[in-house]
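This report refers to the structure that appears directly beneath it.
Per chain, numbering begins at 1; letters A, B, ... match sequence-line order. Since we're looking at a predicted model, the values are computed, not measured.
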2 protein chains.
Amino acid sequence: MNGLDVRRLEYFVAVAEEQHFGRAAERLHMTQPPLSRAVQQLEDELGVTLLRRTTRRVELTPAGEVLLRDARIALDAVAAAERRTRHAGQPSPSLRIALKADLDAGLLQGILAAFAEEPEACETELVLVSIGEQAQTLRDGRADAAIVPAPYDDRGLDAVPLLSEPTLVAMAASDPLAARDTLRLADLAGHVLPGGRAADQYPANAGDLRPSANTPARHTVADLTEILRLVEIGAIVAFLPLSVTRRYPRPEIAYRAVADLPESEFVLAWPQQATSRAVAAFVRAAENVAAGVGAGGEFLDARR
Amino acid sequence: MNGLDVRRLEYFVAVAEEQHFGRAAERLHMTQPPLSRAVQQLEDELGVTLLRRTTRRVELTPAGEVLLRDARIALDAVAAAERRTRHAGQPSPSLRIALKADLDAGLLQGILAAFAEEPEACETELVLVSIGEQAQTLRDGRADAAIVPAPYDDRGLDAVPLLSEPTLVAMAASDPLAARDTLRLADLAGHVLPGGRAADQYPANAGDLRPSANTPARHTVADLTEILRLVEIGAIVAFLPLSVTRRYPRPEIAYRAVADLPESEFVLAWPQQATSRAVAAFVRAAENVAAGVGAGGEFLDARR
DNA sequence: GCGATTGATACCGTGGGGACATGAATGGCC
DNA sequence: GGCCATTCATGTCCCCACGGTATCAATCGC
């Protein structure tokens with residue numbers, strides 16, 4: 001028999017992630033011996049050793065690293081195929097829009113209304129996800145399009161820019177810096193962003209709101225209210241688009257302009273393989289709405 | 001048991017492509033009954049009907065169309081994982097560069113030399129493919145990077161532009177138009193490109209050299225020599241980058257400038273998921289070489 | 001209406017995957 | 001340094017699932 005199969009790939013990924021056959025077996029709801037054998041068979045079929053085993057440690061070979069990365073992608077693709085097919089099989093499939101609540105640049109209502117006018121419109125469904133999950137939601141087939149703040153992981157996705165708006169820093173009102181009207185990034189030395197990165201090094205490690213997989217986060221945040229609560233108590237500062245700050249006026253939080261902070265960009269993204277007319281119509285609608293808002297310039301003044 | 005598996009997906013794709021259980025079974029080297037059952041099980045697991053069966057015809061439902069597209073992508077990803085892992089398991093894996101012979105903008109030798117100077121260089125291997133196959137070769141794991149003429153199918157790929165050079169039209173020397181020094185696209189009305197598209201409608205349907213899956217091609221060509229032979233006998237005309245025409249000076253072929261024909265762009269592409277240092281080094285080397293050549297301007301004069 | 005074509009159903013045998021029991025090797029610890 | 005615990009590999013058995021053969025049913029063409 002030639003060719004990998006999904007089950008074995010899942011087994012390998014579990015072992016690679018746990019670095020431990022026993023724990024991986026537990027996670028897979030099976031016992032350890034058949035798991036060991038399955039991974040061995042995988043290695044035999046490939047003619048490649050994927051894992052260095054000691055009785056004390058399991059670690060990946062270079063080839064194992066390659067397979068771990070590619071297997072995750074392949075498993076994502078399989079899961080996406082399943083989800084999309086299930087959804088497409090429903091009587092009248094809706095268009096599923098993924099977004100983080102309040103991170104829509106204030107465009108959502110307008111876009112939905114414009115889309116409803118399109119000749120190829122269909123029902124829409126909002127898929128509310130955690131911060132930074134929008135792209136993955138598209139890749140794994142849970143949504144058909146997403147409004148997402150840049151930067152984001154665009155692998156496998158197509159996108160059009162929607163609009164840019166000023167980025168403000170949110171800090172505790174009690175912070176000495178809050179006395180000033182306008183700051184510079186360097187002033188924020190010593191302050192920490194959600195996820196634990198240093199605020200004054202932004203955007204060296206891109207992704208203001210995305211939880212970083214590499215750096216161990218002191219606070220793991222998935223929601224704006226969590227972020228704002230931490231801001232209030234002075235634990236962190238956060239960079240937020242103007243439209244978001246407008247929705248959360250809080251006495252204990254000061255929003256201030258930062259002169260050398262890049263603008264917040266919002267894009268509309270969708271899976272590259274998408275061919276549905278509904279997605280195309282939604283993209284058209286969103287572009288039109290964004291163009292209108294951008295020309296109107298409602299967001300040009302930075303504070304108050 | 002939940003989750004699709006590779007075997008069933010292959011079965012479904014075979015049936016969907018053949019629109020016939022018997023032929024699909026033959027292609028899969030099996031008999032028809034277990035194939036029918038496997039597809040039924042797939043439908044049961046998904047809770048979705050994928051195929052409308054009559055005893056005379058098998059056709060896809062909308063959900064079936066979705067699964068066919070996504071299953072192909074998923075199967076590609078699985079096959080790519082297998083190929084890349086096999087390759088990564090070799091003692092000292094080479095960097096595999098895919099290109100169509102002579103469609104390298106004349107950069108190949110320079111890039112290879114520059115890459116060899118890089119600190120993270122490794123052995124390189126050339127994967128010579130048919131016209132238009134470069135991108136697929138990257139997606140399915142047979143190569144790690146590719147030199148490819150734009151436009152191309154960039155799904156799943158990252159790329160940097162290398163250089164642009166004038167595009168010439170190759171036509172039979174006996175063609176009346178060959179008497180003129182410079183043409184316009186409209187002059188080519190009635191002439192046919194490789195693949196059967198009308199030359200004067202370029203680039204309405206993008207992809208000058210890619211075989212089109214939709215339009216039935218009168219001539220299927222995978223090689224420059226085949227194209228040039230058809231040009232010589234006056235069957236087609238072809239749009240070719242200047243660097244290619246320089247390599248094929250033929251008395252029976254006239255290369256002429258076309259005023260409103262866009263330049264030929266070459267890009268270096270690689271899989272988006274690539275993380276290897278060798279690929280990064282190769283990209284650096286290629287960018288440097290291309291920048292040098294572009295600045296030198298060797299390709300600026302269009303004819304003679 | 002009859003036959004040919006084609007997909008579905010019935011039934012059976014074999015092979016592979018999982019559980020249980022056990023072996024072997026390595027690293028920590030006293 | 002030897003003992004023990006941890007952990008991965010191996011041996012064995014069992015069962016399910018996949019594939020093959022035989023056959024049925026339905027539809028289209030003549």
**Message:** Measure CD/A:Glu10 against P/C:dG17 and give the value in whole Å, please.
**Reply:** 14 Å
**Prompt:** When the distance from CE of A:Met30 to P of C:dG17 is rounded to whole Å, what number comes out?
**Reply:** 10 Å
**Item:** Student check: side-chain heavy atoms of B:Glu59 and B:Leu51 closer than 4.5 Å
**Value:** no
**Request:** Measure the shortest side-chain to side-chain distance between B:Leu128 and B:Leu99 over non-hydrogen atoms and say whether it is less than 4.5 angstrom.
**Result:** yes
**Request:** Using distance alone, with no hydrogens and no angle criterion, decide if A:Ser94 and A:Glu125 have a side-chain donor and acceptor under 3.5 Å apart.
**Result:** yes
**Request:** Quick one, give me the B/S/- string for nucleotides 6-12 of chain C, reading 5' to 3', where B means a protein heavy atom under 4.0 Å from the base and S means that only happens at the primed atoms, P, OP1 or OP2.
**Result:** BBBB-B-
**Message:** Regarding B:Arg96 and B:Glu123, does a basic nitrogen lie under 4.0 Å from an acidic carboxylate oxygen?
**Reply:** no
**Prompt:** Going 5' to 3' along DNA chain D, which nucleotides are the first and last within contact of chain A (any atom under 4.0 Å from a heavy atom)?
**Reply:** D:dT6 to D:dT12
**Prompt:** Does a donor on one side chain sit under 3.5 Å from an acceptor on the other, for B:Gln136 and B:Arg139?
**Reply:** yes
**Heavy-atom check, side chain of B:Leu50 versus side chain of B:Leu60, under 4.5 Å** = no
**Request:** Would you kindly give the CG-to-P distance between A:Asp44 and C:dG16, to the nearest whole Å?
**Result:** 13 Å
**Request:** Check the side chains of B:Ser36 and B:Gln32 for a donor-acceptor pair under 3.5 angstrom, ignoring hydrogens and angles.
**Result:** yes
**Asked** Do B:Arg8 and B:Gln41 have a side chain donor and acceptor closer than 3.5 Å?
**Response** yes
**Message:** Without decimals, in angstroms, what is the distance between A:Glu26 CD and C:dA19 P?
**Reply:** 13 Å
